[in-house]
Amino acid sequence: MSANLQIKAITAEDIRARKGQDPIVSLTAYTTPMAGLMDDTCDFVLVGDSVGMVLHGLPSTLGVTMEMMILHGQAVARGLKRALMVIDMPFGSYEEGPAQAFGNAARLMRETGAGAVKLEGGVEMAETIRFLVKRGIPVMAHIGLTPQSINTLGGYKVQGRNEQAEAVIADAHAVTDAGAFAVVLEKVPQVLADQITAEIAIPTIGIGASAGCDGQVLVLDDMLGMFAAFKPKFVKRYADLAPMAEAAIKEYATEVRSRSFPAAEHVFADAAPGAKKD
């Protein structure tokens, strides 16, 4: 077989077709090296606006700009060959109406090479989703807890309990009917997530929802234990890298101050090994 065979990249339609099949795996990524590490394992990689909090120290995702998303999207794209890249539309880039959303979504895809965009909102965003999809832009929807709406939701609270459940169900059906190829369910009760997954025809991607969803996504730095500011209940830490990194930094500082680093093997001789002297 030829070594020149190209790796088949996963598309939005491939993700849609996974409804009810093997669970879909996703993580966020913001840099080339991390994207490269997850390319063989993840079905889609999300360039999330969580980058604002994780890498830029912002208090929420509201301060994330188009320029930030493009910069990180371009970096992630360089690390991917197989996984679908989905990029978040930042706050203020799509809420005004379908025309605004199309212009910004087209720019994100054109300048990053993303295969799809993700936007937050249900019933109120159905018209915009339909507009984008009809014009060739695959859309992943995001309902339940929508972090860009924390000021109206009253914080990072579970959505869909009791009388709120019907509204979340309506959102799920609205984005499905509008043509979204998948929908993220964030921080909704397990029973509700399972009900929505059973009712709609597109994959559900859980984050703080249910193992019964069609797939799962986590923020990479959360699951690696690199983002230590807080730990959401729904995050499982598969590693605890922050203390390891802190210890390595302290060891480095100790060795620099004691002049034990750089050692002989880290510096260069006056002449190359084997070189003849005059």
Checklist entry - Heavy-atom distance under 4.5 Å between the side chains of Leu218 and Thr28, does that happen here? => result no
Checklist entry - Nearest heavy-atom pair of Ala193 and Cys213: which atoms, and what distance? => result CB-SG, 4.1 Å
Next on the checklist: As a test of understanding, state which of Leu80, Ile24, Val45, Leu84 forms a side chain to side chain contact (heavy atoms under 4.5 Å, CB included) with Ile10.
Outcome noted: Leu84
Checklist entry - Is the backbone of Pro90 close enough, under 3.5 Å, to the side chain of Ser93 for a donor and an acceptor to pair up by distance? => result yes
Checklist entry - In Å and rounded to the nearest 0.5 Å, what is the CG to CD distance from Leu27 to Gln216? => result 11.0 Å
Checklist entry - Backbone N or O of Glu111 within a donor-acceptor pair of the Gln74 side chain at under 3.5 Å? => result yes
Next on the checklist: Using the rule that Ile, Leu, Val, Met, Phe, Trp and Tyr join whenever any side-chain heavy atoms are under 4.5 Å apart, tell me whether Val25 and Leu185 fall into a single cluster.
Outcome noted: no
Checklist entry - Are Val117 and Met109 side-chain neighbours, meaning at least one heavy-atom pair lies under 4.5 Å? => result yes
Next on the checklist: I'd like to know if the side chain of Glu120 reaches the main chain of Met89, judged simply by a donor and an acceptor atom lying under 3.5 Å from each other, with no hydrogens or angles considered.
Outcome noted: no
Checklist entry - Is the shortest heavy-atom distance from the side chain of Lys187 to the side chain of Gln159 under 4.5 Å? => result no
Next on the checklist: In this structure, would Ile200 and Val191 fall into the same cluster of hydrophobic residues linked by side-chain contacts under 4.5 Å?
Outcome noted: no
Next on the checklist: Nearest 0.5 angstrom please: Gln148 CD to Leu119 CG, how far?
Outcome noted: 8.5 Å
Item to check | Arg130/Glu127 salt bridge by N-O under 4.0 Å criterion | outcome: no
Item to check | For Leu62, the rest of its hydrophobic cluster, which grows through side-chain links under 4.5 angstrom | outcome: Phe91
Next on the checklist: Just verifying a value: how many Å separate Leu37 CG and Met34 CE, rounded to the nearest 0.5 Å?
Outcome noted: 6.0 Å
Checklist entry - Around atom CD of Glu255, are there more than 12 heavy atoms of other residues, nucleotides or ligands at under 6.0 Å? => result yes
Checklist entry - Do you know which of Val217, Val188, Asp222 makes side chain to side chain contact (heavy atoms under 4.5 Å, CB included) with Ile207? => result Val217
Next on the checklist: I need the Ser149 OG to Glu95 CD distance, nearest 0.5 Å.
Outcome noted: 7.5 Å
Next on the checklist: Regarding Asp14 and Lys8, does a basic nitrogen lie under 4.0 Å from an acidic carboxylate oxygen?
Outcome noted: yes
Item to check | CG on Leu224 to CG on Leu241, rounded to 0.5 Å | outcome: 5.0 Å
Next on the checklist: Can you confirm whether Arg107 is buried at CZ, in the sense that more than 12 heavy atoms of other residues, nucleotides or ligands lie under 6.0 Å from that atom?
Outcome noted: yes
Checklist entry - Is the backbone of Phe131 close enough, under 3.5 Å, to the side chain of Arg135 for a donor and an acceptor to pair up by distance? => result yes
Item to check | From CA spacing to verdict: side chain to side chain contact (heavy atoms under 4.5 Å, CB included), Phe102, Thr128 | outcome: CA-CA 8 Å; Phe102 177 78; Thr128 294; over 6 Å; no
Checklist entry - With a 4.5 Å limit on heavy-atom distance, are the side chains of Val47 and Met85 in contact? => result yes
Checklist entry - Is there side-chain contact between Leu108 and Ile70, with at least one heavy-atom pair below 4.5 Å? => result yes
Item to check | pair Arg16-Pro138: side-chain heavy atoms closer than 4.5 Å | outcome: no
Next on the checklist: Atom CD of residue position Glu96 - does it have more than 12 heavy atoms of other residues, nucleotides or ligands inside 6.0 Å?
Outcome noted: no
Checklist entry - Does Phe234 share a hydrophobic cluster with Leu220, counting links as ILVMFWY side-chain heavy atoms below 4.5 Å and allowing steps through other members? => result yes
Checklist entry - Roughly how far, to the nearest 0.5 Å, is CE of Met244 from CE of Met226? => result 10.0 Å
Checklist outcome for this item: All heavy atoms of Ile87 vs all of Ala114, minimum pair found to be CG2-CB, 3.7 Å
Checklist entry - Linking I/L/V/M/F/W/Y whenever their side-chain heavy atoms sit closer than 4.5 Å, directly or via other members, would Ile129 and Ile169 fall into one cluster? => result yes
Item to check | Test item: Met140 and Val183 side chains (from C-beta on) under 4.5 Å apart, heavy atoms | outcome: no
Checklist entry - Does NZ or CZ of Arg259 lie under 6.0 Å from the centre of the six-membered ring of Phe261, at an angle within 45° of the ring axis? => result no
Item to check | ring pair (Phe, Tyr, Trp, His ring centres under 6.0 Å) partners for His56, two or more places apart | outcome: His72
Next on the checklist: Looking only at side-chain N and O atoms, does Thr197 offer a donor or acceptor that is under 3.5 Å from a partner on Thr204?
Outcome noted: yes
Next on the checklist: Could you walk me through whether Glu186 and His142 satisfy the side chain to side chain contact (heavy atoms under 4.5 Å, CB included) test, starting with their C-alpha distance in whole Å, then the side-chain angles of each, then the deciding distance to 0.1 Å, before giving a yes or no?
Outcome noted: CA-CA 7 Å; Glu186 180 166 358; His142 183 152; 2.9 Å; yes
Checklist entry - Do Tyr252 and Thr254 meet the criterion of a side-chain donor-acceptor pair at a distance under 3.5 Å? => result no
Checklist entry - Do the side chain of Asp49 and the main chain of Asp88 share a donor and acceptor less than 3.5 angstrom apart? => result no
Checklist outcome for this item: Sorted by chain and residue number, the salt bridge (Lys or Arg N to Asp or Glu O under 4.0 Å) partners of Lys236 (sequence neighbours excluded) come out as none
Next on the checklist: Under the side chain to side chain contact (heavy atoms under 4.5 Å, CB included) test against Ile15, which residue among Val86, Asp43, Ile202, Asp214 passes?
Outcome noted: Asp43
Next on the checklist: If hydrophobic clusters are built by linking Ile, Leu, Val, Met, Phe, Trp and Tyr wherever their side-chain heavy atoms come under 4.5 Å apart, do Met69 and Met66 end up in the same one?
Outcome noted: yes
Checklist entry - Counting only N and O atoms by type, is there a donor-acceptor contact under 3.5 Å from the side chain of His173 to the main-chain atoms of Ala170? => result no
Checklist entry - Which atom names give the shortest non-hydrogen contact between Thr176 and Ala172, and what distance separates them? => result OG1-O, 2.8 Å
Checklist entry - Any side-chain heavy-atom pair from Val219 and Tyr30 closer than 4.5 angstrom? => result yes
Checklist entry - Just by distance, do the side chain of Arg18 and the backbone of Pro23 share a donor-acceptor pair under 3.5 Å? => result yes
Next on the checklist: Between Arg82 and Asp39 (salt bridge meaning N to carboxylate O under 4.0 Å), is one present in this structure?
Outcome noted: no
Item to check | Least distance between heavy atoms, Pro189 atom then Arg161 atom | outcome: CG-CG, 3.7 Å
Next on the checklist: Show the nearest heavy-atom pair for residues Phe181 and Ala116, with the distance to one decimal.
Outcome noted: CE2-CB, 3.6 Å
Checklist entry - Of all heavy-atom pairs between Leu46 and Ser26, which one has the smallest distance, and what is that distance? => result N-OG, 4.2 Å
